[in-house]
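Quick notes on the structure that follows.
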Number of protein chains: 2
Amino acid sequence: MAIGWSMSSKKITITDVAEHAGVSVTTVSLVLSGKGRISEKTAVRVNKAIEALGYIRNQQAAMLRGGGSNVIGLIVSDISEPFYAEVAAGIGEILDGQGKVLFLTQCGRNGRNLDRCFDSLSAYGVDGVIIGSGRFLNDVVKQKARDVRLPLVCAARASEFDDIDVIRPDNSLAAKVATEHLIKHGHRQIAYLGGEGGSLTRAERLGGFCAALLQYGLPFRPEWMVECDCRQQASAQAAQELLTHNPEITAILCHKASVALGAYFGVLGTGYTVGKDNNESYFTRQVALIGFGDVPEAELTNPPLTFISSSAREIGHSAANRLLQRIEMPDEPPQHIILPPKLIARGSV
Amino acid sequence: MAIGWSMSSKKITITDVAEHAGVSVTTVSLVLSGKGRISEKTAVRVNKAIEALGYIRNQQAAMLRGGGSNVIGLIVSDISEPFYAEVAAGIGEILDGQGKVLFLTQCGRNGRNLDRCFDSLSAYGVDGVIIGSGRFLNDVVKQKARDVRLPLVCAARASEFDDIDVIRPDNSLAAKVATEHLIKHGHRQIAYLGGEGGSLTRAERLGGFCAALLQYGLPFRPEWMVECDCRQQASAQAAQELLTHNPEITAILCHKASVALGAYFGVLGTGYTVGKDNNESYFTRQVALIGFGDVPEAELTNPPLTFISSSAREIGHSAANRLLQRIEMPDEPPQHIILPPKLIARGSV
DNA sequence: GTGAAAGCGCTAACAG
DNA sequence: CTGTTAGCGCTTTCAC
């Protein structure tokens with residue numbers, strides 16, 4: 001009748017461990033943190049007691065008196081946006097190796113809760129915070145961070161601030177590299193497909209795109225830079241239209257993975273083929289494609305599309321590392337870390 | 001020379017507030033938690049002091065003495081997997097409305113860190129934990145949860161346990177509903193495309209699929225249930241092969257969004273069309289498509305593919321709500337919450 | 001090397 | 001309605 005049942009409900013504290021090991025709480029604490037010089041023998045005894053009792057140190061209490069909490073806060077608008085999910089994963093990877101953990105908050109797609117998120121993180125005693133969607137970051141929060149001396153770094157998709165640490169991809173360079181790649185493969189008539197007018201990311205990329213065109217003395221055609229809904233079908237249609245109305249176009253730079261995928265099928269739909277024909281047998285018209293992508297291993301691998309990537313995961317890595325540094329040295333001037341793009345050639349050029 | 005500079009670095013405590021407001025700490029505490037009945041006047045005075053000083057309550061200290069921490073722990077293998085990201089977002093939405101927050105941990109794609117994640121959450125005093133990837137959940141962790149009396153619920157993609165709360169989609173029913181939908185639209189030769197052999201989710205769906213076939217007296221064809229790489233191109237090829245080798249097939253159930261998308265283009269690639277022709281002019285062969293999808297608003301909307309969804313976000317909602325309930329009433333027997341599927345008809349059938 | 005004691009900021013009795 | 005007081009579990013001087 002399950003009488004000898006484990007009544008273990010009582011919370012086990014450092015005191016219990018000390019008792020069990022026949023030492024003082026101080027000693028246990030010292031062993032836990034590896035600080036004071038403890039004799040090998042007692043250390044072993046203490047550890048054995050910890051094991052036996054299944055003791056788990058109460059971090060809340062620990063940080064109350066001591067210094068850091070080993071918790072990092074993250075604010076994103078919505079974690080289900082792949083970019084932020086990827087950044088979060090990257091941050092997690094770094095933190096993991098450092099015995100630190102991640103506090104996740106979502107401020108909503110409109111950023112409404114940003115202030116509340118920040119206060120929340122602050123209240124829970126995080127050692128620093130990383131903010132994803134920098135576009136919502138306002139001066140109130142920045143000031144608050146300064147007031148409570150809470151390190152704040154921004155993991156962004158585009159350039160945003162100059163008064164805090166920012167980690168971001170080099171959109172402009174990425175576009176330039178991609179465009180040059182196309183030019184070097186003989187393309188002279190290049191279009192840019194996708195994105196919305198108001199997007200900073202798009203603006204930066206178009207900047208790089210134009211820069212490359214100008215540098216190589218190629219014509220600059222506003223009507224070849226077309227916005228479109230990012231969904232595949234829409235992109236496919238847009239690509240098809242673009243190609244039929246402008247038969248001279250031989251290459252398209254695609255604003256994101258789904259656009260590239262759409263364009264891929266759009267090109268096929270026009271009866272053209274994608275990529276360069278290695279055998280130099282130019283019987284059917286070919287269109288080259290390069291897509292921008294945050295998430296290397298994803299959709300673009302199959303069909304094999306050449307793409308230019310600024311890994312969101314790496315942004316997460318850098319942001320985490322930067323924050324950790326800043327926690328150590330809070331008074332350094334803020335810096336921008338701009339991640340270079342990587343071009344992955346895979347046959348569609 | 002910035003001499004009168006804000007020296008606000010000192011941490012502001014409840015005591016400071018009490019002093020500033022000319023009341024005792026108790027009163028402040030009471031105002032903060034809205035517990036004791038405090039006179040309107042003092043409440044206002046206290047709030048004013050809080051405002052003036054920019055006081056932020058130290059949650060760590062609060063929970064040390066009091067009960068809950070208002071923190072919920074989440075363990076997923078990798079937050080960048082869209083399913084988990086979506087679940088996390090759903091959880092966040094619920095918690096947000098309750099003044100609670102989310103602690104995110106990642107146990108790695110192989111689940112290696114599961115134990116460590118759990119201990120971490122436990123150490124930080126979460127009120128309960130939601131585990132995503134249940135497939136990694138082991139008895140050690142379950143026992144540990146019981147020992148420390150930490151409510152544990154599992155937000156899963158498929159059925160996994162019976163000794164803890166589980167929230168999961170009804171894969172079998174979803175497949176059944178989808179299949180019946182096809183049958184009712186006159187289809188008799190239906191294939192299932194995608195997924196990997198070892199997948200529990202797939203097994204459950206195939207179960208529902210077969211059940212529906214049998215129920216309607218339709219033939220059961222193992223060779224029409226084909227596995228395939230989930231990437232688009234692979235799926236497109238697989239669909240094309242399937243259709244050319246088996247000309248009698250008129251409908252395909254697709255294991256996930258990317259497979260459906262691939263199949264869509266695969267069908268077009270064979271020269272057939274997708275969907276039902278409303279004008280009853282059956283000149284070209286048509287193939288109907290239904291995809292499974294976790295994320296309603298995503299890829300399947302365009303092209304307009306009919307799909308059957310078990311919203312990952314809703315799983316997050318339910319999991320959060322269930323956990324909150326269980327925190328209130330820890331001794332209820334564990335229950336399974338099985339979310340019904342939703343069929344969204346959009347023209348591809 | 002190890003222990004005793006004083007808090008960290010807050011809440012929860014119990015008095016007034 | 002409001003104040004006094006005693007801890008929550010842990011770290012950290014400062015003695016021994």
Side-chain angles (χ1 to χ4, degrees), chain A residues 9-47 49-50 53-71 119-120 122-127 148-149, chain B residues 9-47 49-50 53-71 119-120 122-127 148-149:
Chain A
S9 105
K10 199 171 176 320
K11 275 255 165 89
I12 298 174
T13 80
I14 200 176
T15 319
D16 301 323
V17 177
E19 232 160 60
H20 188 103
V23 296
S24 79
V25 292
T26 311
T27 310
V28 178
S29 175
L30 258 27
V31 172
L32 252 42
S33 57
K35 281 191 173 168
R37 304 126 310 184
I38 301 286
S39 74
E40 189 63 25
K41 287 183 64 171
T42 34
V44 171
R45 256 219 324 283
V46 169
N47 280 124
I50 289 176
L53 271 48
Y55 166 74
I56 301 178
R57 177 210 224 141
N58 181 333
Q59 296 282 358
Q60 325 266 351
M63 84 76 64
L64 191 55
R65 190 101 198 359
S69 61
N70 286 329
V71 183
D119 287 345
S120 205
S122 177
Y124 280 104
V126 299
D127 293 337
V148 298
R149 290 206 174 340
Chain B
S9 105
K10 199 172 177 318
K11 273 254 164 88
I12 298 173
T13 81
I14 200 177
T15 319
D16 301 324
V17 176
E19 232 161 60
H20 188 104
V23 295
S24 79
V25 290
T26 310
T27 309
V28 178
S29 176
L30 258 26
V31 172
L32 253 42
S33 57
K35 280 190 175 169
R37 301 126 312 182
I38 301 286
S39 74
E40 190 62 24
K41 289 184 63 173
T42 34
V44 171
R45 254 222 323 285
V46 170
N47 280 126
I50 289 176
L53 268 48
Y55 165 74
I56 301 178
R57 177 210 224 143
N58 181 333
Q59 295 282 0
Q60 325 265 352
M63 85 77 62
L64 191 54
R65 195 77 175 59
S69 61
N70 286 329
V71 183
D119 287 345
S120 204
S122 177
Y124 280 103
V126 300
D127 292 338
V148 297
R149 288 206 175 338

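For clarity, every value in this text was computed on a predicted model and none was experimentally measured. Every chain is numbered from 1, with letters handed out A, B, ... down the list of sequences.
- Atom OH of Tyr55(B) and atom P of dG9(C) are 10 Å apart (whole Å).
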>> Could you go through Asn70(B) and Asp127(B), starting from their C-alpha distance and side-chain angles, then the distance that decides it, and tell me whether this counts as side chain to side chain contact (heavy atoms under 4.5 Å, CB included)?
In response: CA-CA 6 Å; Asn70(B) 286 329; Asp127(B) 292 338; 4.3 Å; yes
> Could you go step by step and tell me if Leu32(A) and Ile50(A) meet the side chain to side chain contact (heavy atoms under 4.5 Å, CB included) rule?
Replying inline: CA-CA 10 Å; Leu32(A) 252 42; Ile50(A) 289 176; 3.4 Å; yes
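- The side chain of Ile14(A) lies closest to dC10(D), out of dC10(D), dT2(C), dC10(C).
- When all heavy atoms of Asn58(A) and Ala61(A) are compared, the pair lying nearest together is OD1-N, 3.1 Å.
- Taking CD from Gln59(B) and CG from Asp119(A), the interatomic distance works out to 10.5 Å, rounded to the nearest 0.5 Å.
- Here the side chain of Arg65(B) is nearest to one of dT11(C), dG9(D), dT11(D), namely dT11(C).
- Residue contacts for Ser33(A): at a heavy-atom cut-off of 4.0 Å it reaches no nucleic acid atom on any strand shown.
- Between the CG atom of Asn58(B) and the C1' atom of dT11(C) there is a distance of 12 Å, rounded to whole Å.
- Taking 4.0 angstrom as the limit, Lys35(A) places none of its side-chain polar atoms (N or O) nearer than this to OP1 or OP2 of dT11(D).
- Taking atom CG of Leu64(A) as the reference point, atom C1' of dG9(D) lies 9 Å away to the nearest angstrom.
- Look at Lys11(B) and you won't find any side-chain N or O under 4.0 angstrom from OP1 or OP2 of dG9(C).
- Looking at every heavy atom in both residues, Ala18(A) comes nearest to Val28(A) through CA-CG2, 3.7 Å.
- Both Ala61(B) and Glu40(B) lie near DNA chain D, and the one whose nearest nucleotide falls closer to the 5' end is Glu40(B).
- Computed from coordinates, the Ile50(A) CD1 to dG9(D) P distance equals 16 Å when rounded to whole Å.
- Distance CZ (Arg57(A)) to C1' (dT11(D)): 9 Å, rounded to an integer number of Å.
- For residues 21-34 of chain B, every residue pair satisfying the side-chain hydrogen bond (donor to acceptor under 3.5 Å, both in side chains) rule, not counting sequence neighbours, is listed here: Ser24(B)-Thr27(B).
- Residues from residues 21-31 of chain A with heavy atoms under 4.0 angstrom of DNA chain C, sorted by number: Val23(A), Ser24(A), Thr26(A), Thr27(A).
- Distance CG (Leu32(B)) to P (dG9(C)): 15 Å, rounded to an integer number of Å.
- The CD atom of Glu19(B) sits 17 Å away from the C1' atom of dT2(D) (whole-angstrom rounding).
- Annotation: the span from Leu64(B) atom CG to Met63(A) atom CE amounts to 11.5 Å, rounded to 0.5 Å.
- Atom-to-atom, CD of Gln59(B) to C1' of dC8(C) comes out at 16 Å; the value is rounded to the nearest Å.
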